[in-house]
Amino acid sequence: KKKDKKKDKKAESDDEEEEQAPAKSGGGGQFDFYKESKGTKNLSKKEVDAFRADKEIAIENFNLNPILSFADLNVDPKLKAVTDKFEKPTPIQASCWPVCLSGSDLVG
């Protein structure tokens, strides 16, 4: 019976680990929580370049568009609710969220 209890505890522990495991993309343990919205994806190169030039933002080795509206931020509704009192993301938020949520490195 002691062995059965140990097995049950191990099975419960394994279940808990599986439920808490973060989403992964590809190999190497990269996190990838980002799903680009249609609004963000459909920004033209001209719009993106103008936003980055106006805000003096340089992006290298990354091709996702900035998130210019909280409506285009695809995160948990509880987290998104925190943004309700703000008009729009700051330039650094708009530019960094796609990078960070997709699991890429960021130097800012």
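If you chain together hydrophobic residues whose side chains sit under 4.5 Å apart, Val48 and Leu106 fall into the same group.
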Could you pull out every donor-acceptor pair under 3.5 Å between side chains of residues 51-68 and any protein atom, sequence neighbours left out?
unit_1, atom_1, unit_2, atom_2, d
Arg52, NH2, Leu64, O, 3.1
Asn65, ND2, Thr40, O, 2.8

Please tabulate, one pair per line, all N/O donor-acceptor pairs under 3.5 Å involving side-chain atoms of residues 69-79, not counting sequence neighbours.
unit_1, atom_1, unit_2, atom_2, d
Ser69, OG, Ala71, N, 3.1
Asp72, OD1, Ser37, OG, 3.0
Asn74, ND2, Lys35, O, 2.6
Asp76, OD1, Lys78, N, 2.8

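Partners of Lys38 according to the salt bridge (Lys or Arg N to Asp or Glu O under 4.0 Å) rule, which considers only residues two or more places apart in sequence or in another chain, do not exist here.
Using modelled atom types, no side-chain atom of Ser95 and backbone atom of Ile92 make a donor-acceptor pair closer than 3.5 Å.
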